[in-house]
A.B. asks: 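Let me give you the structure first, and then I'll get to my questions.
The figures here come from the full heavy-atom set of this structure, side chains too, leaving out hydrogens, waters and symmetry mates.
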Amino acid sequence: MAEGLTVNPHPTAIPDDWIAAYQQFRTALLGHVTDDGFVDEKIRLLARAPSEPVRVVGTAVTARLPDGDLEALVPAVDLLQPGDVLVVDHGGRESLACWGELTSLAARARGCVGVVVDGAIANLAEIAEHGLPTFARAVAARGGRTLGQGGSVNVPVQCGGVSVHPGDLVVADDDGVVVLPPRLMVEVAALAAPLYQRGPLARAWLERGGTLGEIAGLDGPGIQRLLTSRGQG
């Protein structure tokens, strides 16, 4: 291990019931109930399994890389457990890839459910074949090296303007990436649940010829009453 390389233990995993709860919520839905934790939209989904919807929900494992030095990725990947999301802070560097085919393959084999890179990735086609949803700022053919400059695993990092701590909840899909500390999970879920329940009812109303104006301001039960009153629910 290089001098100055810091590797902390795996964080406490987000409980399975909270993972299941947040699997329901798209990031765009969360964007209606909170302004916190939204990663810079330039960090976007670049690799995915073909023809499969992307819904990443898991526990954050973090890696902070000195510019161009990839050494911390090895212990970070080796620490991954099923259900983890690896968050890599490479300082937003777009011209030098810090993630590629072999790291992706190793992460997937360890049960990682997603990777978020504040920086660039390479081997895009191979990563897509792995089916591991991967979010990053850019794709770059030129890669970093092992330079012995240190780095850190499972420390607080910055990702797209958001402070990410090991053990945070990461929710990511085609629309973006949201990071929530565990202390906010109950509050945000309580706000998101009514909107999630309202969605199918609103869609049913519109598909049956109703107008947006008629349901503006109505919650799920209100839309259900409207559907029922018109013999549509």
A.B. asks: Are Glu41 and Arg137 close enough for a salt bridge, meaning some N to O gap below 4.0 Å?
C.D. replies: no
A.B. asks: Identify, with sequence neighbours excluded, every residue that meets side chain to side chain donor-acceptor pair (under 3.5 Å) alongside Asp175.
C.D. replies: none
A.B. asks: With no hydrogens and no angle check, is any side-chain donor or acceptor of Asp89 less than 3.5 Å from a backbone partner on Val157?
C.D. replies: no
A.B. asks: Are Asp174 and Arg44 within salt-bridge range, i.e. N to O under 4.0 Å?
C.D. replies: no
A.B. asks: For residues Trp205 and Leu227, determine if any side-chain heavy atom of one lies less than 4.5 Å from a side-chain heavy atom of the other.
C.D. replies: yes
A.B. asks: Would you confirm whether Asp69, through its side chain, and Pro66, through its main-chain N or O, come within 3.5 Å as a donor-acceptor pair?
C.D. replies: no
A.B. asks: Is any side-chain heavy atom of Cys112 closer than 4.5 Å to one of Val115?
C.D. replies: yes
A.B. asks: Between Ser152 (side chain) and Val155 (backbone), is there a donor-acceptor pair under 3.5 Å?
C.D. replies: no
A.B. asks: Would you check if Asp219 and Gln197 make a side-chain contact, meaning some heavy-atom pair closer than 4.5 Å?
C.D. replies: no
A.B. asks: If only side-chain N and O atoms count, and only distance matters, is there a donor-acceptor pair under 3.5 Å linking Thr62 with Arg64?
C.D. replies: no
A.B. asks: Charged N to carboxylate O below 4.0 Å: is that the case for Asp173 and Arg26?
C.D. replies: yes
A.B. asks: Any donor and acceptor pair, going by atom type alone, linking the side chain of Asp40 with main-chain N or O of Ile43 inside 3.5 Å?
C.D. replies: no
A.B. asks: Taking the side chain as every heavy atom from C-beta outward, state whether Asp168 and Pro182 have any atom pair closer than 4.5 Å.
C.D. replies: yes
A.B. asks: Is Cys159 close to Val179 at the side-chain level, that is, under 4.5 Å between some pair of heavy atoms?
C.D. replies: no
A.B. asks: Hey, is the main chain of Ala204 close enough, under 3.5 Å, to the side chain of Arg208 for a donor-acceptor pair?
C.D. replies: yes
A.B. asks: Quick one: sort the Phe25 and Tyr22 rings into parallel, tilted or perpendicular, breaks at 30° and 60°.
C.D. replies: perpendicular
A.B. asks: Between His130 and Glu101, is there a side-chain heavy-atom distance shorter than 4.5 Å?
C.D. replies: yes
A.B. asks: Does any N or O in the side chain of Arg110 come within less than 3.5 Å of the main-chain N or O of Gln81, such that one atom is a donor and the other an acceptor?
C.D. replies: no
A.B. asks: Start with the C-alpha distance between Thr59 and Val170, add both sets of side-chain angles, then the distance that settles side-chain contact (heavy atoms from CB on, under 4.5 Å), and finish with yes or no.
C.D. replies: CA-CA 6 Å; Thr59 302; Val170 181; over 6 Å; no
A.B. asks: Let me see the working for Leu29 and Tyr196 under side-chain contact (heavy atoms from CB on, under 4.5 Å), right down to the final yes or no.
C.D. replies: CA-CA 7 Å; Leu29 185 148; Tyr196 174 74; 4.0 Å; yes
A.B. asks: Using atom types as modelled and distance alone, determine if a side-chain donor or acceptor of Arg55 lies under 3.5 Å from a backbone N or O of Gln23.
C.D. replies: yes
A.B. asks: Kindly indicate whether the side chain of Thr27, heavy atoms from C-beta on, has any atom under 4.5 Å from the side chain of Val171.
C.D. replies: yes
